[in-house]
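Residue numbering restarts at 1 for every chain, and letters A, B, ... go by the order of the sequence lines.
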Amino acid sequence: MPQIVLSRVARLLATLFAVSFITFFMTSLLPGDVVDVILPPTAPRDPETVAAIRAELRLDDPMLVRYFGWLGDALQGDFGRSFVSQRPVLDEITARLPITIQLTFVAILFSLIAAVPAGVICAYRQGTWIDKSISGVVQVLLSIPAFVAGIFLIWFFGVKTNLLPATGWVRISESPWGNFKTVLLPASSLAFVQLAIFARLIRADMITTLQENYVLSARAKGLSDRYILLRHALRPSSLSLITVLGLNIGSLLGGTVVIEQLFALPGLGRRLLEGIFNRDLLVVQGIVLFVASAYVIINTLVDLVYVVVDPRIRRKGG
Amino acid sequence: MSEVETNTARTEPIPPPKRRPVWVRFAKAFMEMGWGVKLATIWLILICFGAIFADFLPLKDPNYQGFIYGLAQTNENPSGTYLFGTDDLSRDIFARIIYGARVSLVVALSAVSFGLIIGGFFGSLVGFVRGRVDTVVMAGVDVILAFPGLVLLLALVTFLQTRNLLVISFVIGLLSIPPYTRVARANALSISRREFVTAAEAIGTKRFVILWREIIPNVLPSLFAYAMVAAAFIIVLEGSLAFLGLSVQPPTPTWGAMINQARKDIRLVLHPVLFPSAAMVFTVLSLNTVGDWLRARSSVRGSAL
Amino acid sequence: MRVARKKTRGAVALLAASALVIAACGGDDSDSGPATTAAPQTSTTLDQQNTEIEENVDERVYGGQVIIGLEAESNGFRPWDDSCSTNCYNMSAAVFDKLLEYSASGEYVPWLATGYEPNETLDEWTVTLREGVTFHNGKAFNADIIVDMLPLQREGAGGSASITGSGLLDIEKVDEFTVKYILGRGNVSFPSFLERYGLGMVFDPEAAAADPVGFDSAPVGTGPFTLVKRDIDAETVLERNPNYWGTDSQGNQLPYLDRLVFRPIPDEGTRLDSVVSGTVDAMITLRQGTIRDARAASGIKLIEFQGNNTGGGMFNTASPPFDDVRVRRALVHANNQPAVIEALGGTGISASATQWYSPDSPWYSQKVADAWPKFDLAIATELLTEYVNDPARSDGLAVGSPIETTLSCPPDPTLIAAMQVVQQTWEATGLVKTELTSFDQATHINMALGDQHHAHCWRWADEGDNQSGLATFLAPPELSVLNFPNWSSELASASFALVQQAGSVLDFDTRYAAYEQIMLNIATEVPIWYSGHTAIAVAVVEELDGLVNWTTPDSSLGSGIRGGEVRWIGVWRTGS
């Protein structure tokens, strides 16, 4: 097993390396002089300023030297600074990150809370009207883009009934209840599609496991349905659930960009958009690198969990 | 990314297609559908028809703003004149939805073609020949898939600056190649272990011929099923981009941009948001439904992409 | 794209003058793209319509806190470097004192200075400073401070913009509390620079030089409040400076409030709702749609302000077919300004614009309003027909074929809507093909600087007499990058001569005549177009008083909430 872990980690490092390479060279797609692009239009462009920036970005060095210099800095947590706010990019990321993490986490929580019972019931009552109607609803939820769900949630709860704040963010340190109220709608918007994916997965998985020998024998032993469902059938499903969860973090993170914009949440996704709209090159670069790395690392961890938990994979040797 | 592919193939050998006219085969397949799938198919046909023939249909000009000359009202409710009402610039929402389908369809088609042709080919190839080529190609695929789709798309679109339908379709098309490659590879991998392939190899058939005759035709059905679901995903992706104001330039109607434009008045009126949203949801739902049906028919479980 | 860059890069430094570009559109993201004018100027009367607020002048109350919802986090407390928007002035004017203040009657009156005096040629301004004032860190304020601030101001973006815009060359210390500003040219509007961020706000130069970046979270000024917490994007908390030097007109110690809390609440609806529900006590908006909703809300006080600043756009007159005045006049005739205002959500809130002055400005001219091309499709079509059938048409296209234009606005939903209206009004002539593009704010401005624009959304004018803004706008394109439309013609040269004259006299009538003629020239050759004056409003809970009727140290009535800038020093809270 150690060599599996080692090989996974080696592959992780290789992927991270490639990801950083792509992120870095994406900026060379920009037409024109980089200094012109990144300096705010109002900033003075005297030779010293320009030279300072060229030196800061190592623009006069060959590409590869530039890249490794940048990578070295990035590894030490130095992603450069925003040319608009003048703050270090890492500070910008860490200031916004908690909101995005909370949003993603709550969205996953909401979707699991709804998806597990829905999937289990559908599998247990496979083919009945309960299964059919729940599956139908799930299919519709799967097809509602997060921003569309968000708009209608805003309309219903924020405008029509005025039950919840339409937009905005209250920090958990300020008021936990206020925080919960502000996270409710955006997290729900993100949760719908995930919920549908998870519910379908659980249903399909459980239909398969319910036909396995050990479940049948457990039934023969006269164990209660609830016990069988939870102890024997749900547990194997949770593995594939974790995998899909890891993979879906990517689309969730993409979703937070749109949802944070819609609900005016000061998270990482919104910062990315602000960076894009202000042409704040290093902020965009830093956030893209950060998000992609996080995604890769999360999925490697998921893989490792899998290796540790599931003996069959351990034997197969990845 | 993850090694745990759910594409464990259970493919039955597909019988050689009988040479019957396309419409007959289609009609036969249509009759076999459940009513939900039938509805979805009809919706998709209607949307495609509308988008292609929009210029010849008795529609209002999707960009005409009568309020400038006092000839129309902004944000007017649905009526006989304006089936879905008017938007914030007094344009006919119904016509804009039909024309807006064009952008969604072009982008989806571009993604599907790039994905099927390039991704499908390379995926089948490396899944069949395996070895070092496989490792290299899949490593590349893994790296691209390491970026959350929308985030990478946003960054690319920003850095490219120009945003017309051609550029948007091209970028989304390119980004579609890796997931198709992965799906095609997974299927090719399992198909290449089947008897009819080993048999062909045993009698000394050229490898290229095997790839062309045996592997690709058997990968295609599940790839088509994936294409439907992926097209749904692409439509949402383009919608998100348009929603952020980063897709095709106005006044070209797109569903995402219509939703974005209308949401500023949501305190006053709902219908300018409602109708384009419904169009998008129905289309995505239909694609998902038809995709599921195709997948069940080709009886290969899709990957977890 | 169309015209090669002809302007020197060095001149772009001057461009920093458009710090206000960002101020007006960047962080604030108000309705109509960037503004152009460089600096705020001398007099105008205050226009606070719908100000049906009776302030209880006798019942001043001490204590309490006020939470203010801003539309964006403000780039804050570095007066020599940052560009300052409405949000920024709300925060920074509480921490720093300005040398001069703007009065209700439109004059620049002493604040931290005690007086100012120009020489004959208006190129030397002697300013006397207030004695006995100390910074938050206990350091004394004197002439050395002003002199020491200059090196930082020269280097910073905001400061260098003001230095270029005002023509400032150097500052001399005359005695302990007197300084002399030496300009490179006569500038009647120099006092206006002592009232704005770049040159007017007094900070501790020693602390700033020691840690220029950290100064943002530990600013040292002489102002009525000190900063106690700066949590970017969450909240900025200021507390009363107990040692503040100022008193109100009755001799009461200022300020009245104990705490100010500024919170960025980007969403317009939420910000307004927050005031209505009392979660925050005040909010500022530059959006017509929000003002529309605020008028309908109950339980709040709404103070509206409509200034000179106007949305609109410009033609790059160096780029065919806009080099032909017939085309420009035709497109302005085709444009239905009320429809554009409706698309912006401003019907009944924003007035149509015909010049750089709102009808309430003393510089407003009815003659100009009458001269501005009116919406008339027939005239527009006629002019365009003449152009496209002209064998010598400047764009080189085939006779009879429509002109081709590109119209670009920043990607804000209201601007995108307005842009589509303009496109349709032009294309309605049947002789125009317009392609719409939109780029992020920074690129949008860069395109205009680099002459890569064709027809371009832009903002015009600000709350003063626009002397400096006009001077840079009218300067020949080869001298000023801020002549965004590249307007150069006999009338343009004549206008530039007029604005230079106006800059060197103090007499109102002479200056009025000059500005009126300039505006008439603009109306004749239309290098730019308008889409309504900008409406600004401050909504507060009913307990707040003192927003409108605050006074300056010499007991002049202040300028209220001009430009959405609330002077929190004069605000108090009843019933708290």
Side-chain angles (χ1 to χ4, degrees), chain A residues 11 14-16 18-19 21-23 26-27 29-31 136 139-140 142-148 151-152 154-155 159 201 204 239-240 243-244 246-255 257-258 261-262 269 272-273 276-277 279 284-285 287-288 291-293 295-296 299 302-303 306 313 318, chain B residues 1-4 6 36 139-140 142-162 232-233 235-237 239-241 243-246 255-256 259-260 262-263 266-267 270 273-274 276-278 280-289 292 301 303-305:
Chain A
R11 224 178 65 183
T15 313
L16 282 179
V19 164
F21 197 78
I22 291 179
T23 313
M26 220 151 42
T27 56
L29 284 172
L30 274 170
Q139 181 81 353
V140 173
L142 185 68
S143 309
I144 302 181
F147 65 92
V148 172
I151 287 179
F152 286 94
I154 287 180
W155 174 76
V159 178
L201 186 82
L239 273 182
S240 42
T243 311
V244 171
L247 289 170
N248 281 357
I249 295 275
S251 67
L252 261 175
L253 287 173
V257 176
V258 184
Q261 174 77 359
L262 176 61
L272 176 67
L273 276 181
I276 286 172
F277 285 127
R279 201 133 280 265
V284 175
Q285 203 177 46
I287 295 180
V288 171
V291 168
S293 308
Y295 182 46
V296 177
N299 277 291
V302 167
D303 269 13
Y306 220 104
I313 301 234
Chain B
M1 172 94 307
S2 158
E3 194 68 355
V4 195
T6 31
D142 278 354
V143 170
I144 302 294
L145 290 180
F147 293 91
L150 184 62
V151 173
L152 185 58
L153 182 63
L154 277 173
L156 283 176
V157 166
T158 319
F159 292 147
L160 285 173
Q161 292 225 333
T162 325
F233 178 74
I235 286 178
V236 174
L237 195 66
S240 308
L241 206 59
F243 181 75
L244 298 172
L246 291 168
W255 294 341
I259 296 170
N260 187 31
R263 90 185 150 98
I266 200 165
R267 280 158 195 274
L270 186 65
V273 182
L274 184 66
S277 300
M280 185 181 279
V281 171
F282 285 153
T283 308
V284 172
L285 179 60
S286 301
L287 284 167
N288 281 335
T289 308
D292 284 351
R301 283 180 64 195
S303 84
L305 279 170

Q: Sequence neighbours left out, what passes side-chain contact (heavy atoms from CB on, under 4.5 Å) with B:Asp292? Give chain and number order.
A: A:Gln139, A:Arg200, B:Arg295

Q) Which of the residues B:Val273, B:Thr289, B:Asn288, B:Leu150 is involved in the greatest number of heavy-atom pairs with chain A at under 4.5 angstrom? A) B:Asn288

Q. Measuring heavy-atom distances to chain B, does A:Val140 have an atom under 4.5 Å in its side chain, in its backbone, in both, or in neither?
A. both

Q. Checking heavy atoms, do the side chain of A:Leu273, its backbone, both or neither come under 4.5 Å from chain B?
A. side chain

Q: Indicate the atoms forming the closest heavy-atom contact of B:Pro148 with A:Gly254, along with that distance.
A: CB-N, 4.4 Å

**Q.** Choice from B:Val236, B:Leu154, B:Leu270, B:Asn260 maximising heavy atom contacts with chain A below 4.5 Å
**A.** B:Leu270

Q) Looking at B:Thr283, B:Leu237, B:Leu274, B:Leu241, which has the largest count of heavy-atom pairs under 4.5 Å with chain A? A) B:Leu274

Q.
Between B:Ser286, B:Ala155, B:Ser240, who has the most heavy-atom pairs with chain A when the cutoff is under 4.5 Å?
A. B:Ser240

**Q.** Portion of A:Phe152 that has a non-hydrogen atom of chain B nearer than 4.5 angstrom
**A.** side chain

Q.
Just so I know, are the side chains of A:Val288 and B:Leu152 near enough to count as touching, which here means a heavy-atom distance under 4.5 Å?
A. no

Q: Please flag which part of A:Ile144 lies under 4.5 Å from any non-hydrogen atom of chain B: side chain, backbone, both or neither.
A: both

Q. Who pairs with B:Phe282 by side-chain contact (heavy atoms from CB on, under 4.5 Å), at least two apart in sequence or on another chain?
A. B:Trp43, B:Ala278

Q: Walk me through it: do B:Arg263 and A:Ile154 pass the test side-chain contact (heavy atoms from CB on, under 4.5 Å)?
A: CA-CA 10 Å; B:Arg263 90 185 150 98; A:Ile154 287 180; over 6 Å; no

Q: Could you tell me which of A:Ile276, A:Ile287, A:Val148 has the largest number of non-hydrogen atom pairs under 4.5 Å with chain B?
A: A:Ile276

Q) Between A:Leu262, A:Ile249, A:Leu142, A:Leu272, which residue shows the highest count of heavy-atom pairs closer than 4.5 Å to chain B? A) A:Leu262

Q | Minimum heavy-atom distance between A:Tyr295 and B:Leu145, given as atom pair plus value | A | CE2-O, 3.3 Å

Q) Taking side chain as C-beta onward, heavy atoms only, is A:Phe147 less than 4.5 Å from B:Met280? A) yes

Q | Greatest number of heavy atom pairs closer than 4.5 Å to chain A - which of B:Ile235, B:Val284, B:Ile259 | A | B:Val284

Q. Any side-chain heavy atom of A:Arg11 sitting closer than 4.5 Å to one from B:Asp142?
A. yes

Q. How about B:Phe147 and A:Ile22: do any of their side-chain heavy atoms sit closer than 4.5 Å?
A. yes

Q: Could you check which of A:Val291, A:Val284, A:Val258 has the highest count of heavy-atom pairs closer than 4.5 Å to chain B?
A: A:Val258

Q) What residue, out of B:Ile144, B:Leu287, B:Leu246, has the most heavy-atom pairs lying under 4.5 Å from chain A? A) B:Leu246

